[in-house]
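Chain identifiers are assigned alphabetically (A, B, ...) following the order of the sequence lines, protein sequences preceding nucleic acid strands; residue numbering begins at 1 within each chain.
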2 protein chains.
Amino acid sequence: MEGSPRRTGDARARLLDAALKAIRTRGYEATSVEQLCLAAGVTKGAFFHHFRSKEDLGTAAAARFLEWLEGLFARSGWRDRDDPLDRVLAYIDFRTAILRGEIPHFTCLLGMMVQETYATHPALRATCEAGIQSHLAPLEAEIAAALAARGIDGISAAGLTLHIMAVIQGGFVLAKAAGGPAPAIEAMRHLRRYVELLFATPDQGQGAAP
Amino acid sequence: MEGSPRRTGDARARLLDAALKAIRTRGYEATSVEQLCLAAGVTKGAFFHHFRSKEDLGTAAAARFLEWLEGLFARSGWRDRDDPLDRVLAYIDFRTAILRGEIPHFTCLLGMMVQETYATHPALRATCEAGIQSHLAPLEAEIAAALAARGIDGISAAGLTLHIMAVIQGGFVLAKAAGGPAPAIEAMRHLRRYVELLFATPDQGQGAAP
DNA sequence: GAATACATACCAACCGGTCGGTATCTACCG
DNA sequence: CGGTAGATACCGACCGGTTGGTATGTATTC
C-alpha cells in the first residue's frame, strides 16, 4: 500500500509537456490531439478530461510555457546587477546565450502560436499577447530606470522594449529559415550594440526637426 | 492571336491569389485545399491539375509572393538615391510605410510558412529561405557599399542585413499579437535610429542632412 | 458514495489525393 | 477547307485515413 507508484495525476502535465514540444516544432495547427495523446502515453479520454477543447489546451500550453520561461529567467539572475542599463544588457546577453542546441528548445511558443491564431482564435491571440506583455514588463521597468538614470528622454521604455522583442522574435524566424541559431545570434549582437550606442550618446533627444 | 478572352487558364492564378491571402491570414497548415478551391471558384480537379500536392502549392505560392514583393519594391524606387546609405534608409522607410491596413496585407508569407514547415517540410523550408535571401541580396549590396564608402569595418554587410530582416519579421509577429501594426512601426523606428547611429562616425562629420 | 482520473469505443466531418470523364484549343494531314 | 488526333484545362464523384469531439464505463481516492 505504501509508496504505490501512481500513474494517475500526471496525464495533464505529460500532455502539456508534449504540447510545448510539438507546438514549438510543428506549430499549433499541425499538432493534433491524437499525436499529443500518443506522445504523452495517454488516451483521448484523458485529454478531454483535462481540456475542454484543443483551444483550451493551447491556452494551457501558453501558460505552461510562460511558467517555464519565467523560471529560466529567474534562475539566470539577469536582474542582479546594480545598474539598470547593465540589467538590460544582461537580459540581451542571456537571450543570446540561450540560442543553442535544437531550434524548438530556444524558440518562443507564444510567438509561433499567435501568428497561427491571430485571425482565427481570438482567445488564443489574446492569451499569447498577454503572455508576451507579462514577460516584457520587468524588462520595460529596467529600461525605464536606465533611461531615467541617464536623463534620456524622447525614447519610450515601452517602444524600446517592443524593439528588443521584435529582434528576438525575428531572430527565431530567421533561425527556423536557416536551420540554426546563427542569424538570431547575429541579430542579437546588433541589438546589443544599438542599446550601447543609444545609452552612450552624449546628448539625446534632439528630434525636433523630422 | 489577339483579343480572344479565354476564361480558361486562370484557375492557377486564382488559386495562387487565394493561397497568398489564406496563408498570410491563417497560415499554411490551417489552409485546406478545399477552402482554397472554394475561394478561387474552382474544383479539386483543377487544383491537382496545376499542383502535384499541397506542398507544391506552397512552393508556387512562395514564388508568387516573392514576385509580388519584388514588384512592390521595384516600384517604390528605394534604390534611386545617390548615396548607398540613403538607399538603405529608404529601404527601411519603405518597409515602415508599408505597415498599414489589414495585417495579411503587409506581413510576410515566407516568414510565416517557414516557421510552420521548417521541421516537417524541408523543401518548403529551403524555398522560403532562398526567397528571403533573394529579397535581401540587393539590400546587402547597398549596405556593403555604404560600409565601404564610410570606411567602416568590423561590421559585416550580411550580419546587418540579417538584423534588419529580424526586426522586420519580429515586427510582423508583434503586429499579429497586438492586432495592428503599431509595435512593428515602433520597432522600425528604432531600427532606423540604429542604422543612423552606426553610420554616424563621430570624428568624421559628414552632415548630409536631407 | 461522491468526485476525480482516466480508458474504450465511437462518430460525423473533413483531410489530401485519385480517377474517369468532358470541353476546348492546337497541329498536322488531306 | 474539313477532319481528327492529341494535348491541355478543368470538373466532380469518390477514397481511405484523420480530425476534434462525445458518450459511457471503471478504478481509485477522499
Side-chain angles (χ1 to χ4, degrees), chain A residues 1-19 22-23 25-62 64 113 116-117 119-124 127, chain B residues 1-19 22-23 25-62 64 113 116-117 119-124 127:
Chain A
M1 291 301 178
E2 84 295 345
S4 66
R6 36 184 294 170
R7 291 205 331 240
T8 65
D10 61 344
R12 183 187 159 93
R14 291 163 58 102
L15 281 166
L16 246 17
D17 286 342
I23 295 175
T25 304
R26 294 183 292 277
Y28 173 78
E29 292 289 352
T31 298
S32 77
V33 333
E34 281 177 349
Q35 286 169 358
L36 242 33
C37 292
L38 197 69
V42 302
T43 61
K44 251 192 201 181
F47 183 97
F48 284 99
H49 171 71
H50 290 288
F51 308 104
R52 271 164 298 169
S53 62
K54 187 187 174 184
E55 181 171 326
D56 189 36
L57 178 272
T59 304
R64 174 83 156 203
M113 200 159 64
E116 293 184 89
T117 61
T120 51
H121 297 77
L124 276 182
T127 298
Chain B
M1 301 295 183
E2 85 296 341
S4 69
R6 33 187 297 169
R7 286 192 327 228
T8 64
D10 63 341
R12 183 187 158 93
R14 290 163 58 101
L15 280 167
L16 247 16
D17 285 343
I23 295 175
T25 304
R26 293 183 291 277
Y28 173 78
E29 293 289 352
T31 297
S32 78
V33 333
E34 281 177 348
Q35 286 170 357
L36 243 32
C37 292
L38 197 69
V42 301
T43 61
K44 248 189 204 186
F47 183 99
F48 284 100
H49 171 71
H50 290 288
F51 308 104
R52 270 165 298 169
S53 62
K54 188 187 173 183
E55 181 172 326
D56 189 35
L57 178 270
T59 304
R64 174 84 156 203
M113 199 159 64
E116 293 184 88
T117 63
T120 50
H121 296 77
L124 276 182
T127 297

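The side chain of Thr43(A) contributes no N or O atom lying less than 4.0 Å from OP1 or OP2 of dT8(C). Within the 4.0 Å cut-off from OP1 or OP2 of dC6(C), at least one side-chain nitrogen or oxygen of His50(A) is found.
The separation between Phe51(B) atom CZ and dT8(D) atom P is 16 Å, rounded to whole Å. Regarding Phe48(B), its CZ atom lies at a distance of 18 Å from the C1' atom of dG21(C), rounded to whole Å. Between the C1' atom of dG21(D) and the CG atom of Leu57(A) lies a distance of 13 Å, rounded to the nearest Å. Remark: C1' of dC14(C) and CD of Glu29(B) are 15 Å apart, rounded to the nearest angstrom. A straight line from CD of Glu55(B) to P of dG16(C) spans 13 Å, rounded to a whole angstrom. If you take CG of Asp10(B) and C1' of dT24(C), they are 14 Å apart, rounded to a whole angstrom. Summarising the geometry, the separation between CG on Leu38(A) and C1' on dT19(D) is reported as 15 Å, rounded to the nearest angstrom. Rounded to whole angstrom, the span from the NZ atom of Lys54(A) across to the C1' atom of dT19(D) amounts to 9 Å.
Side-chain proximity of Val42(B) to the nucleotides dC11(D), dG21(D), dC10(D) is greatest for dC11(D). Distance from the side chain of Ala46(A) is smallest for dC6(C) among the nucleotides dT19(D), dC6(C), dG17(C). For His49(A), the listed nucleotide lying nearest its side chain is dC6(C); candidates were dC6(C), dT19(D), dG16(C).
When side chains are defined from C-beta on, Phe51(B) counts as touching Leu15(B), because their heavy atoms get closer than 4.5 Å. A 4.5 Å side-chain heavy-atom check between Arg12(A) and Arg64(A) finds every atom pair outside the cut-off. Considering only heavy atoms from C-beta on, Cys37(A) comes within 4.5 Å of Val42(A) through its side chain. Side-chain contact between Leu57(B) and Leu36(B): present, with at least one pair of heavy atoms (C-beta onward) separated by less than 4.5 Å.
By the 6.0 Å and 45° rule, Lys54(A) stacks over the aromatic ring of Tyr28(A).
Place Glu34(A) and Arg52(A) on DNA chain D by their nearest nucleotides, and Glu34(A) ends up nearer the 5' end.
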